[in-house]
Number of protein chains: 2
Amino acid sequence: MFFSINPTNGLAIFDQIVRQVKFAVASGTLPPGEMVPSVRELAKELAVNPNTVVKAYRDLTAEGILEAVRGTGLNVTEDAVAHCEKERLTLLRERIRHVLEEAHSSRLETGEIRELVEDELTRLERAAKGKRGKKGADS
Amino acid sequence: MFFSINPTNGLAIFDQIVRQVKFAVASGTLPPGEMVPSVRELAKELAVNPNTVVKAYRDLTAEGILEAVRGTGLNVTEDAVAHCEKERLTLLRERIRHVLEEAHSSRLETGEIRELVEDELTRLERAAKGKRGKKGADS
DNA sequence: CGTAGTGTCCTATCGTGATAGAACAGTAAA
DNA sequence: TTTACTGTTCTATCACGATAGGACACTACG
């Protein structure tokens, strides 16, 4: 499925769901008109309390990204795409900035920070390539 | 003073204090034998509850980074430097990884992520340069 | 001595994120 | 209609971070 929860992320579960829905809409994985997983279904899949999913969906509905069809489910609105495309970069940029600011205030040289980032970035690339290649061999 | 609190950081206040003490020790800003600000003093300076500082200092003491001199204060231990130097990169790397992982799972291209990071990194460099140059002119 | 500064410990309250479990109204299909 | 889904709402409980305010033992200084 599209969503997954990372407990060590630093983000609240409901917030992770909110962001992942937005990202999925922004990337076209979740097109307008498409229905999101039902509250109980997603809660079960993520091994999370239904009320946590409810909160995430309620926030997304309040932002106009999802709309309720009573008795049927929640689907992605038409305006959602533009909204989410714009917000995706903002949300990610904000988090990136916080981390880089902490690294900088720890008196690390910019070069050392860049090295750390590049290191983790290539690690990500290798992981993605490995996944596409079907073989998940890791150290 | 050395420490500052960022409310939008995503980190708990006590955790920010813990990390900043470690970073200060790692960078030599806080050498062994040096005393950290008193609980009440730091709490006042950060506009934070004394108990929050207590928790941070208690954690640092439990890790052997600070040691108490009864009736006098807390000072940095001898072993702290090596400990903190090693942990600084680990702590930062971990946070960086989480952010990059979220960016990657949002289906952003590695190149786009790299661009975002580079963007914020140069922004940091410009800010630091501006500060050193005394003039804080910003757009 | 007393005073002022240390760290330490304690109880209590608050907000928030998360869990648990129940109930209700609406829709779809057999 | 009945059944099985939807979202929505509600109360209760818990953990955790933070706040507030008080108390105690110790040390340094005058």
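In what follows, chains carry the letters A, B, and so on, assigned in the order in which the sequence lines appear, proteins first and then strands, with residues in each chain numbered from 1. The model shown is predicted, which means the values in this text are computed figures rather than measured ones.
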Is the shortest side-chain N/O distance from A:Thr52 to OP1 or OP2 of C:dT19 below 4.0 Å? yes
Between C:dT8, D:dA20, D:dT6, which nucleotide has the shortest distance from any of its atoms to the side chain of A:Glu41? D:dT6
Whether B:Glu120 side chain and A:Leu100 backbone form a donor-acceptor pair below 3.5 Å: no
Please classify the nucleic acid contact of A:Val48 as base, sugar-phosphate, or nothing, using heavy-atom distances under 4.0 Å. sugar-phosphate
Please determine if a side-chain N or O atom of A:Thr72 lies less than 4.0 Å away from the OP1 or OP2 oxygen of C:dT27. no
From CG of B:Leu60 over to C1' of C:dT8, roughly how many Å is that when rounded to an integer? 16 Å
Selection from C:dG17, C:dA28, D:dA18 that lies nearest to any side-chain heavy atom of B:Ile13: D:dA18
Separation of D:dG17 atom C1' from B:Phe14 atom CZ, nearest Å, is 7 Å
Give a yes/no on whether any side-chain N or O of A:Lys55 is located under 4.0 angstrom from OP1 or OP2 of C:dA18. no
To the side chain of B:Leu74, which of D:dA20, D:dT8, C:dG7 is closest? C:dG7
For the side chain of B:Ala68, starting at C-beta, report the closest nucleotide among C:dT8, D:dG7, D:dG17. C:dT8
Grab the CZ-P distance between B:Arg70 and C:dG5 for me, whole Å please. 19 Å
Expected output: side-chain A:Thr52 to main-chain A:Val48 donor-acceptor under 3.5 Å: no
Could you point out which residue of B:Leu11, B:Leu46, B:Val36 forms a side chain to side chain contact (heavy atoms under 4.5 Å, CB included) with B:Ile17? B:Leu46
Please give, in whole Å, the distance from D:dT6 P to A:Leu42 CG? 12 Å
A:Glu118 side chain vs A:Glu115 backbone, donor-acceptor pair below 3.5 Å: no
When rounded to whole Å, the CG to C1' distance for the pair B:Asn9 and D:dG17 reads 15 Å
Figure out the CD/P separation between B:Glu67 and C:dT8, and round it to whole Å. 12 Å
Intermediate values then yes/no, side chain to side chain contact (heavy atoms under 4.5 Å, CB included), A:Asn6 and B:His98: CA-CA 9 Å; A:Asn6 185 345; B:His98 285 142; 4.0 Å; yes
B:Asp59 atom CG is separated from C:dG7 atom P, nearest whole Å, by 15 Å
What is the separation between atom NZ on A:Lys44 and atom C1' on D:dT6, rounded to the nearest whole Å? 16 Å
So, under a plain 3.5 Å distance rule, would you say the side chain of A:Arg58 forms a donor-acceptor pair with the base of D:dG7? no
Across the strands shown, which category fits A:Tyr57 at heavy-atom distances under 4.0 angstrom: base, sugar-phosphate, nothing? nothing
Of the candidates D:dT19, C:dT6, D:dG17, the side chain of B:Ala12 sits closest to D:dG17
C:dG21 base to A:Asn51 side chain: any donor-acceptor pair below 3.5 Å? yes
How do B:Asn49 and A:Arg40 order along DNA chain D: which one's closest nucleotide is nearer the 5' end? A:Arg40
Does the pair B:Arg95 and A:Glu102 meet the rule for a side chain to side chain contact (heavy atoms under 4.5 Å, CB included), with working shown? CA-CA 10 Å; B:Arg95 257 194 108 189; A:Glu102 194 197 21; 2.9 Å; yes
